Amino acid sequence: MSTTVYDCSNVAERAAGLKHAARALAADGCVVLPTDTVYGIGADAFSARGVTGLLAAKGRTRAMPPPVLIAHAGVLDGLADEVSEDARALARAFWPGGLTLILHAQPSLGWDLGETRGTVALRVPDDDVARALLIETGPLAVSSANRTGRPAATTAQEAAAMLGESVELYLDDGPRGEPGTDPVASTIVDCTGEVPVVVRHGAIPLQRLREVVPAVTAGDEPAAVPPPGSTGAHAADPAAHPAPGEAPEPAAAPGTDGAGTDGTGARGDGTDGTGARGAGPAGGGPAQPAGTTVPAGGAAPPRTPGPAAAAEDQHLAATLVARSAGAPAPAVDQDRARRGPQAPAGPQPPLPVEEAARLVARGLGTD
């Protein structure tokens, strides 16, 4: 199969390239497109054949599904289910930009992104060419444009050297990132539980996330507990700080999800690698340690500081690692919204935080 490169700095070539890309994607093909951080390889998110081709081009398995890039936040509720107010606040503040949100996928969607365990990673890229294509085609599964284990491509030429004719066309819009610097991956936040958890640090620092949602926690620290009488995570005034950027899949261990750098996106993956994402316990929230009693109303009791909280944090990290690595996880109960959260079947063995972070980076990538 021959490939075509379009120079998107030329108005006529950009228009022709976008039309060609839309046709290729509709025919279950793959294209390379620029994002706000690195170049990504994209396929129609609703084409199982296209997603299979994307994974094959990168040398990845179904255990590392790509994230999904969308043109604007208005698409969010069509693809995600049970979106929390915290997730919406983060999307308002940082989309378009370097934030990938892991959410419960709409159970009625007819797509197959791989072993997602009922979740999807979504991102709105801050790139004109990428968003123009997304407006034309709809949601795209996008991962960093590189072979797995190699650095994410920051130019169309680098992408072509790795992916060759596995891609029908390349949209070339110049180098990504600052010369002489490594691309910065998107920050990935898991919003499938009661408290948003940063599972990969990236373009948007934890401090900025907390200016919008104070309850956001990192996987290696206890979750914040709203004080009695507060209205929850948004008790403090949210501050919206739009942020650009997302990043690539690092070489070897850490991955990237383009557009993610996967996130790309985040898969992206948002860029490569916004990798496999699994659902948590049947209730959709963070797992509770053994012996914890969940009230009838479904709300988990406040955490107790000290060794118990540390053990719970390690357990949460282990759960996230299981998701990203595609390990067996409890099935997603699509009726959980009607029944309310339930206690998990039993505890998982603790995992050192350092090891958890390493495995999460490898599974989710640096998109």
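Nothing here was measured: the structure is a model prediction, and the numbers come from that model. Positions are given from 1, in the same order as the sequence printed here. As a basis for the values below, the full set of heavy atoms in this structure was taken, side chains included, without hydrogen atoms, waters or symmetry mates.
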(message) Test of understanding: with salt bridge (charged side-chain N to carboxylate O under 4.0 Å, His left out), list the residues that count as partners of D127, not counting sequence neighbours.
(response) R176
(request) Compare all side-chain heavy atoms of W111 with those of V68 and state whether any distance is below 4.5 angstrom. (result) yes
(request) State whether D36 and R131 are salt-bridged, where the test is any N-O pair (Lys NZ or Arg NE/NH1/NH2 against Asp/Glu carboxylate O) under 4.0 Å. (result) no
(request) Can you measure from SG (C191) to CG (L103) and round to the nearest 0.5 angstrom? (result) 5.5 Å
(request) Check whether any side-chain heavy atom of W95 lies under 4.5 Å from a side-chain heavy atom of D126, and answer yes or no. (result) no
(request) Would you please say whether a donor-acceptor pair under 3.5 Å links the side chains of D7 and S9? (result) yes
(request) Applying side-chain contact (heavy atoms from CB on, under 4.5 Å), run through L133 and L171 and close with a yes or a no. (result) CA-CA 10 Å; L133 182 59; L171 298 176; 4.2 Å; yes
(message) Show the nearest heavy-atom pair for residues L113 and P65, with the distance to one decimal.
(response) O-CB, 2.9 Å
(request) Report yes or no: does Y39 contribute a side-chain atom to a donor-acceptor pair with the main-chain N or O of D172 at less than 3.5 Å? (result) no
(request) Taking all non-hydrogen atoms of both residues into account, name the closest pair between A93 and V212 and its distance. (result) CB-CG2, 3.7 Å
(request) Check L169 against G17 and note the closest heavy-atom contact, atom names and distance. (result) CD1-O, 4.2 Å
(message) To check you understand the geometry: which heavy-atom pair defines the closest contact between P96 and P125, and what is its length?
(response) CB-O, 3.4 Å
(message) Let me confirm one number: the NE2-OG distance from H201 to S186, rounded to the nearest 0.5 Å.
(response) 12.5 Å
(request) Look up atom CG in D86 and atom CG in L101, then write down how far apart they are to the nearest 0.5 Å. (result) 10.5 Å
(message) Distance check, rounded to the nearest 0.5 Å: R123 atom CZ versus T187 atom OG1?
(response) 10.5 Å
(message) Do T61 and L55 have side chains that approach each other closer than 4.5 Å (heavy atoms only, starting at C-beta)?
(response) no
(request) Starting from the C-alpha separation in whole Å, work towards a yes-or-no answer on side-chain contact (heavy atoms from CB on, under 4.5 Å) for I41 and V31. (result) CA-CA 6 Å; I41 175 174; V31 305; over 6 Å; no
(request) Take I102 and V199, measure what side-chain contact (heavy atoms from CB on, under 4.5 Å) needs, and give me the verdict at the end. (result) CA-CA 10 Å; I102 299 176; V199 296; 4.1 Å; yes
(message) Return the CZ to CG distance between R14 and D173, rounded to the nearest 0.5 Å.
(response) 7.0 Å
(message) With a 4.5 Å cut-off on side-chain heavy atoms, are V189 and L99 touching?
(response) yes
(message) Is it true that, when you exclude D128 itself, more than 12 heavy atoms of the residues, nucleotides or ligands shown sit nearer than 6.0 Å to its CG?
(response) no
(message) Using a strict threshold of under 4.0 Å (side-chain N to carboxylate O), is an ion pair present between D112 and R62?
(response) yes
(message) Any heavy-atom pair between the side chains of Q157 and Y170 that's under 4.5 Å?
(response) no
(message) Are the side chains of L76 and V83 in contact, using a 4.5 Å heavy-atom criterion?
(response) yes
(message) Can you tell me how far apart OG1 (T4) and CD (E13) are? Round to the nearest 0.5 Å.
(response) 10.5 Å
(request) Decide yes or no for L140 and L134: does some side-chain heavy atom of the first lie under 4.5 Å from some side-chain heavy atom of the second? (result) yes
(request) Kindly write out the residues that satisfy ring pair (Phe, Tyr, Trp, His ring centres under 6.0 Å) with Y6, not counting sequence neighbours, or none if the list is empty. (result) H20
(request) Please report the closest heavy-atom contact between A218 and V197, naming both atoms and the distance. (result) C-CG1, 4.2 Å
(request) Say whether, by atom type as modelled, one donor and one acceptor occur between the side chain of Q106 and the main chain of A80 under 3.5 angstrom. (result) yes
(message) If the test is side chain to side chain contact (heavy atoms under 4.5 Å, CB included), which one of L109, L122, L79 qualifies with P139?
(response) L79
(request) Could you tell me whether a side-chain N or O of K58 sits under 3.5 Å from a main-chain N or O of L163, the two making a donor and an acceptor? (result) no
(request) Any chance you could lay out the side-chain contact (heavy atoms from CB on, under 4.5 Å) test for T137 and D44, step after step, and finish with the verdict? (result) CA-CA 8 Å; T137 64; D44 182 350; over 6 Å; no
(message) If you compare all heavy atoms of A71 against all heavy atoms of I135, which two are closest, and at what distance to 0.1 Å?
(response) CB-CG1, 3.7 Å
(request) Indicate whether the side chain of N146 and that of E158 have a donor and an acceptor atom separated by less than 3.5 Å. (result) no
